[in-house]
Peer 1: 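Let me begin by handing over the structure; questions about it come next.
Side-chain atoms are counted along with the backbone in the values below, which use heavy atoms only and exclude waters and symmetry mates. Everything quoted here is computed from the prediction, not taken from an experiment. Order of the sequence lines fixes the chain letters, A, B, ..., with proteins taken first and strands second; residue numbering starts at 1 for each chain.
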Amino acid sequence: MSIVKAVRGVRDLLPPETDLWNRIESTARNVFERYCFGEIRTPIFEETQLFARGVGEETDIVSKEMYTFTPAGDEGGGQSLTLRPENTAGVVRAYIEHRLANSGQLQKLYYIGPQFRRERPQRGRYRQFFQIGAEVIGPPGSGSESPVRDAEVLEMLASLLSELGIRGWTLLLNSVGSSSERPAYVARLREALTPVAGQLCANCQRRAVTNPLRVLDCKTPQDQPIIDGLPRIWDSLDPSSKAHFNAVRAALEACGVPYEHDHRLVRGLDYYTRTTFEFVQRNAAAGEGELGAQNALLGGGRYDGLSEAIGGPRAPGIGFAIGEDRLVLALAAQSRAEVRLADAYIAPLGEALNAPSLALARELRASGLRVELGDGSFRLKKSMETANKLARAVVILGEDELASAMLTVKSFATGEQTKVSRNLRELTAVLAGNLQS
RNA sequence: GCGGCUAUAGUUCAGUGGCAGAACGCCGGACUGUGGCUCCGGAUGUCGUGGGUUCGACCCCCACUAGCCGCCCCA
């Protein structure tokens with residue numbers, strides 16, 4: 001019989017790597033708290049409609065990457081459901097459904113959780129992947145349209161990456177204009193491409209027809225002079241979009257967050273308007289290669305029309321999604337995960353000492369120490385070997401110790417062995433002292 | 001979805017058409033109450049799965065599966 005394995009593109013996360021995941025998540029929660037965001041948890045699947053209308057029917061995500069299924073039977077049978085490929089649409093759906101607009105206030109929400117896309121897996125890209133994201137959304141009049149919200153979110157991200165210890169990131173910033181400016185630009189771009197498309201690489205010849213914006217992403221060196229000569233989206237923006245963008249820049253400069261205005265940054269989701277951004281790690285010295293072709297650590301932007309697209313009231317907003325898998329890759333390259341040693345390993349000498357040893361472990365653990373418990377069937381030598389692998393100190397509990405109420409404690413750091421009375425206060429003092437040395 | 005590379009011990013990897021290997025890790029050894037370093041010994045295994053060629057396949061061929069790299073796209 002063949003062994004059942006995890007399906008393609010998904011994986012198990014095991015200790016000690018999960019320590020790193022937990023550290024990333026608690027750092028993110030901590031930062032979000034300081035910016036007064038609250039956590040939202042939306043369902044892992046939604047009506048397929050939500051993504052079709054929110055993310056965009058023509059995007060790759062919706063047209064070919066979704067896990068869509070139709071449950072058979074009972075109530076609501078036949079309804080098409082989809083594992084969420086991203087979380088912004090779900091958050092905005094919840095915003096509408098719970099009438100959060102009625103508070104009149106800005107809503108600041110963050111989420112951490114798995115997302116699902118059926119893409120070809122490779123380094124830094126999985127079919128179940130984890131995103132840490134946040135959204136700032138609110139009705140007109142709540143200030144959700146203000147460029148200071150964009151800048152605040154970007155500044156928060158810069159702080160988060162810095163607190164996580166991510167080095168060598170670059171913030172790429174652009175404006176894709178409003179939902180009316182962008183189609184006008186695409187038309188101009190298409191027109192400009194027509195005479196020169198024949199000189200571009202094969203990829204771009206296809207893109208020029210299917211998705212002209214993507215031509216701007218081309219990395220083929222020979223194409224660069226031609227692409228540089230194409231019209232810039234900036235020149236298609238109206239004065240208010242330009243003013244918005246300039247205000248974001250001014251605020252970033254005021255707080256010292258470095259960025260690059262990347263005229264070519266276009267993003268794949270239909271709902272983006274005005275500000276779009278990515279934080280990429282492409283500096284060789286900071287470990288490029290760890291992320292492979294997936295050098296985007298996070299991406300996001302403004303989505304002033306999303307709520308209306310899925311049937312809600314006008315509710316401009318801005319948000320981002322961090323690829324947690326990629327943060328882990330970037331951080332793992334900087335420091336290898338290590339198994340954390342226990343503060344003490346209790347070694348019972350003989351099975352009769354198992355019970356009193358568990359009682360001792362309970363007390364030490366209750367007082368906050370990390371304690372491993374041995375097994376009385378082990379010989380002392382084996383207990384010592386095991387203890388040395390797992391803990392900083394060993395507490396020996398044999399017949400002598402039981403009779404005298406004096407435990408034997410040996411530090412692996414110093415090699416010193418002492419007798420300590422079986423007293424929680426004294427024991428914890430000795431073990432805590434050992435952690436210092 | 002398309003293209004390229006890869007799959008051997010728990011891990012990282014050698015290997016040859018004719019007995020399956022190294023390092024690390026693991027277990028054991030004097031010692032029925034003492035770890036780390038060293039020494040000695042041991043097991044590592046359906047050589048990814050299924051077919052085919054051959055007297056004989058871990059090796060050659062085909063298919064499948066998975067991983068990695070790239071494309072597309074994205075976090």
Side-chain angles (χ1 to χ4, degrees), chain A residues 1-11 55-56 58-65 84-88 112-133 201-204 206-207 210-211 213-214 217-220 265-269 272 276-281 289 291-300 319-330 345 347-350 353 374 376-401 408-417:
Chain A
M1 196 166 77
S2 63
I3 297 167
V4 177
K5 296 189 291 186
V7 305
R8 174 167 218 188
V10 305
R11 59 190 179 143
V55 177
E58 299 308 316
T59 60
D60 276 33
I61 292 176
V62 171
S63 64
K64 57 186 196 194
E65 295 173 1
R84 62 187 188 196
E86 58 96 57
N87 217 332
T88 298
I112 298 175
Q115 319 292 336
F116 305 85
R117 290 181 204 171
R118 214 168 155 264
E119 295 178 276
R120 183 74 173 255
Q122 56 183 273
R123 187 175 188 79
R125 168 189 291 177
Y126 305 95
R127 290 181 168 183
Q128 173 176 319
F129 59 103
F130 292 81
Q131 286 190 332
I132 300 173
C201 65
N203 256 335
C204 286
R206 193 190 61 252
R207 288 161 161 168
T210 60
N211 192 347
L213 286 177
R214 285 282 144 213
D217 272 347
C218 178
K219 284 149 197 121
T220 309
L265 179 69
V266 289
R267 295 180 48 78
L269 279 54
Y272 285 121
T276 57
F277 57 87
E278 276 179 15
F279 283 71
V280 297
Q281 195 182 37
L291 292 182
Q294 276 66 49
N295 69 346
L297 287 167
L298 68 92
F320 61 84
I322 305 172
E324 190 175 2
D325 305 74
R326 295 178 186 178
L327 282 188
V328 168
L329 270 181
Y345 179 98
L349 299 187
L353 283 307
S377 69
F378 288 5
R379 295 189 345 253
L380 180 58
K381 183 178 168 65
K382 175 164 171 155
S383 287
M384 292 296 285
E385 287 169 353
T386 305
N388 185 49
K389 281 171 200 153
L390 300 180
R392 294 189 170 83
V394 63
V395 177
I396 298 170
L397 179 47
E399 295 298 342
D400 296 352
E401 285 81 3
T408 303
V409 177
K410 180 165 188 172
S411 159
F412 291 121
T414 63
E416 270 176 52
Q417 183 164 314

Peer 1: Could you state the NZ-P distance from A:Lys64 to B:C71, rounded to the nearest angstrom?
Peer 2: 14 Å

Peer 1: Using whole Å, report how far NZ of A:Lys5 lies from P of B:A7.
Peer 2: 15 Å

Peer 1: Looking at A:Arg267, does any N or O in its side chain come under 4.0 Å of the phosphate oxygens OP1/OP2 on B:A75?
Peer 2: yes

Peer 1: OP1 or OP2 of B:U34 sitting under 4.0 Å from any side-chain N/O of A:Gln417?
Peer 2: no

Peer 1: In whole Å, I'd like the distance from the CZ atom of A:Phe320 to the P atom of B:A75.
Peer 2: 13 Å

Peer 1: Polar-atom pairs under 3.5 Å, protein N or O versus N or O of nucleotides 23-30 of chain B: list them with distances, or write none.
Peer 2:
residue, atom, partner, partner atom, Å
B:C26, OP1, A:Lys389, NZ, 3.2

Peer 1: If the test is side-chain hydrogen bond (donor to acceptor under 3.5 Å, both in side chains), which one of A:Arg127, A:Arg84, A:Glu324, A:Glu86 qualifies with A:Gln115?
Peer 2: A:Arg84

Peer 1: What is the distance from atom CG of A:Leu265 to atom CD of A:Glu278, rounded to the nearest 0.5 Å?
Peer 2: 5.0 Å

Peer 1: Look up atom CG in A:Leu297 and atom CG in A:Asp325, then write down how far apart they are to the nearest 0.5 Å.
Peer 2: 11.5 Å

Peer 1: Distance-only criterion, 3.5 Å: show the donor-acceptor pairs between side-chain atoms of residues 387-396 of chain A and protein atoms not counting sequence neighbours.
Peer 2:
residue, atom, partner, partner atom, Å
A:Arg392, NH1, A:Leu341, O, 3.4

Peer 1: Go ahead and write out RNA chain B as dot-bracket, 5' to 3': ( ) for pairs within the strand, [ ] for ones crossing earlier pairs, | when the partner sits on another strand, dots for unpaired; Watson-Crick or G-U wobble, both distances under 3.5 Å.
Peer 2: (((((((..((((....[..)))).((((.........)))).....(((((..]....))))))))))))....

Peer 1: Look up atom CD in A:Glu119 and atom CD1 in A:Ile61, then write down how far apart they are to the nearest 0.5 Å.
Peer 2: 7.5 Å

Peer 1: With a 4.0 Å cutoff (strictly under), does any side-chain N or O of A:Arg11 reach OP1 or OP2 of B:A66?
Peer 2: no

Peer 1: Side chain of A:Leu380 only, please: which of B:G33, B:G36, B:G3 is the nearest?
Peer 2: B:G33

Peer 1: Just the rounded figure in Å: distance from P of B:U49 to CZ of A:Arg8.
Peer 2: 18 Å

Peer 1: When we call it a touch if two heavy atoms are under 4.0 Å apart, what does A:Ile396 touch: a base, just sugar-phosphate, or nothing?
Peer 2: base

Peer 1: From CD of A:Gln122 over to C1' of B:C72, roughly how many Å is that when rounded to an integer?
Peer 2: 10 Å

Peer 1: Rounded off to whole Å, could you give me the CZ-to-C1' distance for the A:Arg123 and B:A66 pair?
Peer 2: 17 Å

Peer 1: Flag as yes if A:Phe412 stacks onto the base of B:G35 (centroids under 5.5 Å, planes under 30°), otherwise no.
Peer 2: no

Peer 1: Could you check how far CD of A:Glu119 sits from P of B:A75, rounded to whole Å?
Peer 2: 9 Å

Peer 1: Among the nucleotides B:C72, B:U34, B:G4, which one has an atom lying closest to any side-chain atom of A:Thr408?
Peer 2: B:U34

